[in-house]
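Because the structure is predicted, anything quoted here is derived from the model rather than measured. Both ligands and their constituent atoms are indexed starting at 1 by order of listing.
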Amino acid sequence: MVVLPFLLFPACENKKNGEKTGEMKIMPAGIENLPSLKKQYEDYFLMGNIVSGPVFESPRFDLLIHHFNIATAENGMKPDALQREKGAFTFTQADEMADKVIAAGMKMHGHTLAWHQQSPGWMNYEGIGRDEAVENLEAHTKTVAEHFRGRVVSWDVLNEGVSDNPPLPEDWRASLRQTPWYKAIGPEYIEIVFRAARQADPEAKLYYNDYNLDNQNKALAVYAMVKELNEKNPDAGGRPLIDGIGMQGHYRLGTNPEHVALSLERFISLGVEISITELDLQAGADSVLSERQAVEQGIAYARLFKIFKEHARSIARITFWGLEDSMSWRAAQNPTLFDKDLKGKPAFYGVLNPDAYIVENSGGISKDAKQVKALYGTPRIDAANPDPQWDKAAEIPVDQYLMAWQGAKGTAKTLWDTEALYVLVHVNGAVINKASQNAYEQDSVEVFLDENNGKTPYYEKDDGQYRVNFAGERSFNPPSAAEGFESAAAVHDGSYTVVMKIPFRTIRPSAGRLAGFDLQINGASAQGLRQSVAVWNDVSGESYRDTSGFGILELVSLSQN
Ligand code: XIL
């Protein structure tokens, strides 16, 4: 192994009786002494990141080899980097890169043999004939895969061959992206490129790689394609044609990890290996990441890594697409684990120890959340003559305005029993109007409920939004939340009252339980336009899709009544 001079920094023993994460090195100036991600995950999967020229400079390269044991060339092995002119392969830079990576003790993954992007114009242009296309595809694939044989452990053979959100995903052929390769050759181009790669490098694991695979339609199309091609080619050099599926993993705070898990499980059922190949997670904008966003990003990464750990037996590798934020292809959205000074962001700690991070920080997001108690009781659903049981319940003010105009506001009360949460809202100061087409712009009240108090930045199965206007008209998010819901509304002089019965959908309520909870009063102007919004706790304006800012409702036992 060649040891590069800047790798010769002194190491110090810092091991507590064989403790796994204890070993630390003195890092060059500018890099924190953080536990190593590759060590932390050595029993689970390979940990990867991307390389390009600037990554090989110290101290970035030190950070890279401290945390990662496999590298992908960000752009250096794409078709336009290796064969810009037909027949003239340019391997020098990619070779240098691969050699440095391997010399540093890391593995190398190849990205990518066929793609409709970053490919030279001559290779797969619109209108190219079938024979020429097949010849170009095979020649490139064979030459490149043969060249790196023995140096890369796996290849993205085809990148992004399926369309986004295909309407008929079971028909994978109809779901293929209309690229020049597809138009010239037809669906068969996929087998052609995988066969060529297998022939040229029989050892390398061959991957189909794509983005947005948390979209269930796209995932289903990829599933159907890999299933059929592997069933058709069970013995392509001793094994099925496609070894693995790469989920790129370009995510956002709003990405629902349950969708990622669903796709993962679908792919695992095919018996192929899975890698997360280009992981990043956007948070904030304009290269600004607020403290709250940074913690939300940490939690989002942690939730993903919990899922990845649970499926580790089928996951070969997790590669991040960018070492530090300023180098990312999505730099303005701060998507990586390290900041521009190479310091670990909250995202790093979310990845390092997902369970602990979630426990320590979920509360952190909502530490200023208001909390109220719901007493036990089953009131009649009557707004004109409210049940006397409400008399014992405490009043919750709904009077924090989200907009400049200070219109309708009110007070609410809550009760619960084993079936449902009951909410009574009394609204004052409303010029009542429901002329708007949009239910949320009519004079109405909304209850937000996060049954498991998960504080997720997106809605899960246990989350719901329940809206009733002054005339008793209801709307729900998701629509299925309507099931079993009951309500009543009554208008008085310049005010109105709404009573709701919200059945618990996913929990068995018991005393002492905490639920995420919020209230909103929408005030319309005399013209029917949205004029004001008053809430109890969550002033983010995001309650309709993000539960992390909700207040907290504690279910209190009978005996405390
Ligand atoms: C990106 C690189 O990060 C950028 O430097 C380049 O300008 C464009 O490509 N999916 C892929 C990657 O498979 O190759 C892309 O990489 C990101 C999306």
Should we say atom CD of Gln118 is surrounded by more than 12 heavy atoms from elsewhere, each under 6.0 Å from it?
->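 Enclosed: over 12 neighbouring heavy atoms sit under 6.0 Å from CD of Gln118.
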Got a sec: does the NZ of Lys183 have more than 12 other heavy atoms crowding it under 6.0 Å?
->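 More than 12 heavy atoms, drawn from other residues, nucleotides or ligands, come within 6.0 Å of this atom.
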Atoms of ligand 1 close to Asn159 [distance to a heavy atom under 4.0 angstrom, numbered from 1] =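 Listed by number with element, the hits are 11 (C), 13 (O).
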Heavy-atom proximity to [atom], best of [options]:
| atom | options | result |
| --- | --- | --- |
| atom 15 (C) of ligand 1 | Met77, Met327, Lys78 | Lys78 |
| atom 13 (O) of ligand 1 | Arg330, His250, Glu278 | Glu278 |
| atom 4 (C) of ligand 1 | Gln118, His111, Glu74, Gln248 | Glu74 |

Of the side chain and backbone of [X], name the one, both, or neither that has a heavy atom under 4.0 Å from an atom of ligand 1.
| X | value |
| --- | --- |
| Trp321 | side chain |
| Asn75 | side chain |
| Thr112 | neither |

Looking only at heavy atoms of Gln117, does any of them come nearer than 4.0 Å to an atom of ligand 1?
-> no
Can an N or O of Asn209 be found at a distance shorter than 3.5 Å from an N or O of ligand 1?
->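 Among all N and O atoms of Asn209, none is under 3.5 Å from an N or O of ligand 1.
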Ligand 1 N/O within reach of Glu160 N/O, cut-off under 3.5 Å | yes
Given the rule in the side-chain contact (heavy atoms from CB on, under 4.5 Å) test, do Ser52 and Met327 qualify, once you have shown the distances and angles that lead to the verdict?
-> CA-CA 10 Å; Ser52 59; Met327 292 187 65; 4.1 Å; yes
Going by the side-chain hydrogen bond (donor to acceptor under 3.5 Å, both in side chains) test, name the single residue among Asn212, Asn159, Asp210 that passes it with Gln248.
->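 Exactly one candidate clears the test, Asn159.
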Lys/Arg-Asp/Glu bridge criterion (N-O < 4.0 Å) met for Lys142, Glu146 | no
When the aromatic ring centroids of Tyr440 and Tyr544 are compared, is their separation below 6.0 Å?
-> no
Ring centres of Phe148 and Phe91 under 6.0 Å apart?
->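 Between Phe91 and Phe148, which both carry aromatic rings, the centre distance is below 6.0 Å.
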